[in-house]
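Residue numbers start at 1 and run along the sequence shown. Small disclaimer: the values here were computed from a predicted structure and weren't measured.
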Amino acid sequence: MMAAITPLPIGAKPGVMPIDHIHRQRIYLDHNATAPLRPEAREAIIRALDVVGNPSSVHAEGRAAKALVEDAREAIAKLVGAEGADITFTSGATEANNWVMRAGWDTIVYAAIEHDSLLGPIERSSARLVKLPVEGTGEAYLGAVADYVLLGNRPLGRDLVTLQLANSETGVIQDVATVADFCAAHGVFSHTDAVQAPGRIPVAFHDLGVDAMTISSHKLGGPAGVGALITKSGLALPPALLGGGQEMRRRAGTENVAAIAGFGAAARSAFSDLATIDRIRRKRDLLEDAIREKTPQAIILGQGVDRLPNTTCVSLPGGKAETMVIKFDLAGIAVSAGSACSSGKVATSPVLAAMGVAPEVAGGAIRVSLGWTSSEIDLEPFLTTWMKMAGTA
């Protein structure tokens with residue numbers, strides 16, 4: 001008997017699988033890299049594309065475009081506990097992080113667990129660099145901040161301490177508020193890369209007390225290519241771009257209205273998700289319980305400290321993360337090894353190395369990150385593939 005022939009989806013070309021069809025057949029567990037675009041964001045983008053005005057124009061069309069930008073600004077401010085006037089739109093978190101790190105600091109205090117978009121400009125900076133040690137748990141040793149400020153023969157100057165709010169690989173949450181409070185008391189500026197946190201844990205910019213905070217749209221389920229820098233009024237940064245008077249003269253250039261509108265819609269949806277974030281935590285905990293039960297040799301990194309509710313960094317000691325990611329991909333499951341911005345590098349994760357994780361453990365570590373598209377039925381295929389790789393199926 002001939003096998004049944006499955007017809008191509010409408011509009012498909014022979015030999016080319018439409019993207020939406022691929023997504024329906026696959027399990028996406030890589031939200032920390034990029035969250036799938038939320039329907040609300042897609043709709044907002046499409047509506048904004050029909051708005052023809054320039055937000056800087058004073059006519060009706062310009063005012064309509066400006067209203068979209070400002071509505072998004074307020075939605076994002078609500079998500080992160082800020083004021084609309086605190087927010088400057090950028091092309092993404094990388095630009096925002098570079099903007100802060102390259103603002104002419106005399107000293108920058110940081111840890112090796114930071115994202116590449118911070119480490120790149122920091123390590124090429126002419127500033128004096130002070131590196132914070134990192135505990136085996138993935139938490140930065142905050143006593144080193146006090147040691148530097150109080151005992152480190154600190155020169156007089158314009159100093160910055162930067163500490164991420166949550167790590168993209170392990171999900172470990174840092175005590176940013178304590179650092180910011182200490183810095184404010186001693187005349188030191190503070191910054192946090194909060195890209196992974198909004199929509200996953202409550203974030204309140206003014207309660208954290210930092211002078212600057214970076215966020216990104218595509219981690220929330222908004223479009224890529226747009227982000228924001230949130231700053232206190234007392235932090236004087238040189239403009240990111242010179243030219244026109246856009247973004248309160250902080251960043252010249254006509255705003256990307258459609259992307260900003262999508263960012264705002266994603267922020268509104270992510271804010272609503274906070275009320276049900278425990279559902280994601282339960283899925284994550286179920287997954288980790290099953291991993292420990294079925295593969296006792298597995299190691300969950302960052303376990304035992306406060307983590308994002310959606311993130312698991314798990315290792316099969318002696319395994320090869322790159323090979324594991326490929327095998328998951330072939331099984332129709334998207335996971336990652338380390339930060340997406342470090343992909344293609346066949347090397348130990350700098351985050352895990354900073355934690356002192358043994359090379360044979362770090363080399364077999366992958367990240368699973370859940371999000372708004374995740375369901376419990378996604379976990380069974382993951383576990384089946386995981387067990388095959390562990391040799392226990």
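In this structure a side-chain-to-backbone donor-acceptor pair under 3.5 Å is present from Lys219 to Ala33. The backbone N or O of Val314 sits nowhere less than 3.5 Å from a side-chain atom of Thr312 that would complete a donor-acceptor pair. Between the side chain of Glu139 and the main chain of Val172, no donor-acceptor pair closer than 3.5 Å is present. Looking only at distances, no side-chain donor or acceptor of Asp378 sits under 3.5 Å from a matching main-chain atom of Ile27. Side-chain atoms of Glu135 do not come within 3.5 Å of backbone N or O of Ala140 as any donor-acceptor pair. With hydrogens and angles disregarded, a donor-acceptor distance shorter than 3.5 Å links the side chain of His59 to the backbone of Gly62. Between the Asp193 side chain and the Gln164 main chain, no donor and acceptor come within less than 3.5 Å of each other. Here the side chain of Gln196 pairs no donor or acceptor atom with the backbone of Leu165 at under 3.5 angstrom.
A heavy-atom distance below 4.5 Å is found between the side chains of Phe328 and Ile366. In this structure the side chain of His31 never reaches within 4.5 angstrom of the side chain of Leu370, judged on heavy atoms. Tyr28 has its side chain within reach of Thr34: a pair of non-hydrogen atoms, C-beta onward, lies under 4.5 Å apart. The closest side-chain heavy-atom distance from Arg249 to Pro239 is not below 4.5 Å. You'll find the side chain of Thr137 stays beyond 4.5 Å of the side chain of Met355, heavy atoms only. Trp99 is listed as a side-chain neighbour of Thr88, based on a closest heavy-atom distance under 4.5 Å. Looking at heavy atoms from C-beta onward, Leu118 lies out of side-chain contact with Tyr110 at the 4.5 angstrom threshold. Residues Leu301 and Val357 have side chains in contact (heavy-atom distance under 4.5 Å, counting atoms from C-beta outward).
Residues passing the side-chain contact (heavy atoms from CB on, under 4.5 Å) test with Glu83 are Asp86, His206, sequence neighbours excluded.
Of the charged side-chain nitrogens involved, at least one lies within less than 4.0 Å of a carboxylate oxygen, so that Arg284 and Glu288 count as a salt-bridged pair. Salt-bridge formation is not detected for the pair Asp273/Arg268: no Lys NZ or Arg NE/NH1/NH2 atom is positioned less than 4.0 Å from an Asp or Glu carboxylate oxygen. Salt-bridge annotation for Glu70 and Arg73: present, with a side-chain N of the basic residue lying under 4.0 Å from a carboxylate O of the acidic one. Look at Arg282 and Asp285 and you find no salt bridge, because none of the NZ, NE, NH1 or NH2 atoms lies under 4.0 Å from a carboxylate O.
Here Leu68 contributes atom CG and Lys66 contributes atom NZ; the two are 11.5 Å apart, rounded to the nearest 0.5 Å. Considering CG of Leu286 and CD1 of Ile291, their distance stands at 11.0 Å, rounded to 0.5 Å. To the nearest 0.5 Å, atom OG of residue Ser315 and atom CD of residue Gln297 are 9.5 Å apart. In this structure, CG on Asp329 lies 4.5 Å from CZ on Arg26, to the nearest 0.5 angstrom.
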Check: residues 176-191 side-chain donor-acceptor pairs under 3.5 Å, at least two apart:
residue, atom, partner, partner atom, Å
Thr178, OG1, Asp175, OD1, 3.0
Thr178, OG1, Asp175, OD2, 2.7
His186, ND1, Phe182, O, 2.9
Ser190, OG, Asp211, N, 3.4
His191, ND1, Thr162, OG1, 2.7
His191, NE2, Thr214, OG1, 2.9

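Exactly one residue among Asp30, Thr170, Thr311 makes a side-chain hydrogen bond (donor to acceptor under 3.5 Å, both in side chains) with Arg367. That residue is Asp30.
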Residues Asp289, Lys294; criterion salt bridge (charged side-chain N to carboxylate O under 4.0 Å, His left out); working and verdict:
CA-CA 9 Å; Asp289 289 345; Lys294 297 176 184 299; over 6 Å; no
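Smallest separation of non-hydrogen atoms from Leu220 and Ala270: CD2-CB, 4.3 Å.
A donor-acceptor contact under 3.5 angstrom links the side chains of Ser349 and Glu169, judged on distance only.
Surrounding CD1 of Ile377 are at most 12 heavy atoms belonging to other residues, nucleotides or ligands under 6.0 Å away.
A single hydrophobic cluster is not seen to contain both Leu352 and Leu119; linkage of ILVMFWY side chains at heavy-atom distances under 4.5 Å, directly or through other members, places them apart. Put simply, Val69 and Leu241 are part of two different groups of oily side chains (I, L, V, M, F, W, Y) that touch within less than 4.5 Å, one to the next.
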